[in-house]
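So the structure is just underneath, and the comments pick up after that.
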Amino acid sequence: MAHGNEQHGHGALTEPKTLPASLQAPEAVAAWRTRALIVAAVAAIASLLFLFGGGADHVMRAYLLGWMMTFSLCGGGLCLLMLQYVSGGKWGLLLRRPLEAMTRTLPLVVILLIPILIFAKKLYLWAAFPTFEAVEEGLKSKLLTEAQAHALNFKRPMLSPMSVIVQMVVVFAIMGAFTYFLNKWSLEREADPERGSQGSYDRWRIKFENLSGIGVLIYVGLLTIVAIDFIMALDVTWYSSVWGLLFLVGQGYVVLAAAVHSAIRLSKYEPMATILRKTEQYDLGKFMLGFVMLNIYLAFAQFLIIWSGNLPEELPWYLNRIRGGWWVICTCDFIFHWVIPFVLLLSKDLKRSKSKMLALTGWMIFARGFDLFWLIEPNFPDAARNLHLSGNLSILAYITVPVAILGIWMAFYLTTLMSRPLVVVNDPHTEEILEPEHAH
Amino acid sequence: MPVKEGTYGLLAEFDTPGALVHATEAARDAGYRRMECYTPYPVEEAAEALGVVRNRVPLLTLMGGIMGLTTAFLMQTWISRWGYPMNFAGRPLFSWPAFIIPTYEWTILFSGLSAAFGMLALNGLPQPYHPLFNAPNFRQGATDHKFFLCLEATDPRFDVNETRAFLEQFHAVSVVEVDL
């Protein structure tokens with residue numbers, strides 16, 4: 001049926017829009033990068049005050065939080081990039097370049113991991129007590145409980161310094177390979193001599209699909225390893241089988257927020273102004289709502305199962321995060337992380353409004369960091385069931401250190417973003433996205 | 001019940017959705033509001049031209065959801081706390097985490113049902129009689145290959161002669177007067 005292309009009056013835009021001459025990222029991106037670096041520098045100086053003011057422990061833990069955020073953005077970006085190749089759809093076309101830029105921050109994420117590995121003894125029992133003999137010593141000198149000693153010995157094949165390093169080499173090598181091919185092919189696709197033809201579209205689509213399908217599957221495994229080694233293992237006795245999935249959905253949550261935030265900010269300038277339509281922004285908002293729902297679903301499912309089981313091996317993990325002042329953080333986490341995005345994203349108007357979505361996506365990135373704070377800090381004996389500020393001001397490092405790390409990451413991300421045109425041309429969706437939309 | 005008599009409106013028949021949308025936009029510009037488009041498949045531009053930008057289905061869905069949420073939660077609270085107070089593994093009688101999943105399901109169920117039945121109710125369905133079925137060309141074409149615009153007699157701008165002249169300028173296949 002001829003539908004949508006009829007000529008009718010009212011000055012409705014019926015002609016397809018044309019792409020601007022330059023598809024490069026606007027100059028404003030360079031200014032944003034400078035701003036990100038300034039914020040990072042200020043936050044880093046504040047963090048140094050905490051570091052030398054006796055708050056080294058908190059700085060280290062906050063550093064882990066910041067690193068996990070950058071890993072979420074980089075790895076989650078890779079996962080979402082592959083997902084959009086597999087699923088197709090116009091929303092993916094809009095986010096492809098920002099997501100590619102996120103995946104290319106991998107070298108920075110690997111470098112930022114090194115301090116965590118060096119100072120692992122401060123964070124992880126598996127690093128402080130790496131051998132059977134060390135665990136025996138720890139037991140004798142009452143540094144470890146029976147349960148911790150048992151868990152350390154039982155989990156040593158996965159949780160020992162050498163094993164973790166090997167795992168990280170494998171994880172980042174595989175992620176690097178996928179990042180390399182996805183980014184290389186993306187440029188080759190644009191330079192295809194037969195570009196614009198159906199044959200070229202199909203060939204590249206199939207090529208990307210074949211790599212991405214298996215890639216999504218492998219990535220779930222890789223992410224699970226990282227989430228277990230660096231976050232779950234902070235409490236060596238505790239375990240949850242939904243942990244990897246919880247982080248996967250959390251990454252979808254934060255990456256989608258960051259990518260939509262990027263796209264809307266870029267749409268103040270060409271070329272994004274031409275291609276970001278309300279229709280796709282609305283679709284992305286609905287997609288975000290899906291992640292918000294799935295996130296609370298899994299988080300609550302984990303809680304409900306442990307609450308129902310009522311076992312002394314598992315329950316203390318939640319008690320550490322609920323009692324002794326943590327109830328406030330726990331409640332705020334629920335409100336920040338779920339209630340606010342959920343209630344707001346129900347609104348159609350909000351999903352279609354650029355300024356409101358900009359604010360909400362920024363909020364969601366903060367909320368993900370807040371959630372990680374609730375997951376990380378109560379693992380440590382000085383903080384479990386004992387949230388306090390007096391005499392413990394260095395806990396504020398949880399604000400400054402992640403801001404510094406994310407500032408550095410953002411500068412790197414914006415640099416990679418500037419290195420390629422923002423609009424993908426050799427894709428059948430480009431033409432569709434230039435068509436006028438129905439003004440609802 | 002008194003039998004209603006008179007004219008329901010004027011029905012213009014078009015062969016293409018483009019012509020329909022054009023006529024609808026012109027009618028709206030001319031000040032007509034009580035009008036409706038009838039097409040065999042959804043034509044988004046027609047809804048746009050009619051000025052249909054909002055409906056109350058989302059509100060009904062939200063209200064249904066809130067109703068399901070409160071009903072399920074309060075019902076379980078009453079059952080566990082007062083109706084049949086039983087000791088499960090030494091937990092408090094008001095063990096709210098256990099209530100969340102049924103509450104969640106009821107929220108979805110009630111909002112889904114409210115959306116579906118709310119949509120039907122707002123569309124005025126079920127409707128065994130509609131005056132337009134009096135027009136033979138509507139009966140034959142509306143579900144198949146024709147596009148109709150009906151300007152209704154209840155519109156203050158409606159005048160049988162003037163409105164007919166107005167509609168005829170769009171080269172409609174036919175303009176017929178429909179009885180109530």
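From a predicted model like this one, the values you see are computed outputs, not experimental measurements. Quick note on labels: first sequence line is chain A, next is B, and so on, each numbered from 1.
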Could you tell me whether the side chain of B:Y104 reaches within less than 4.5 Å of the side chain of A:Y297, counting heavy atoms only?
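Yes; the side chains approach each other to less than 4.5 Å.
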Quick one, B:I101 and A:L304 - any side-chain contact, counting heavy atoms below 4.5 Å?
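B:I101 reaches A:L304 side chain to side chain.
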Above 12 or not: heavy atoms from other molecules or residues under 6.0 Å from [atom1] of [X]?
| X | atom1 | answer |
| --- | --- | --- |
| B:F117 | CZ | no |
| B:R56 | CZ | no |
| B:Y84 | OH | no |
| B:R33 | CZ | yes |
| B:H130 | NE2 | yes |
| B:R54 | CZ | no |

Chain A heavy atoms under 4.5 Å from B:A47: which part of the residue, side chain, backbone, both or neither?
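Neither part, no heavy atoms under 4.5 Å.
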May I ask you to list the residues in residues 156-170 of chain B that approach chain A closer than 4.5 angstrom, counting heavy atoms only, ordered by number?
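Within residues 156-170 of chain B, near chain A: nothing under 4.5 Å.
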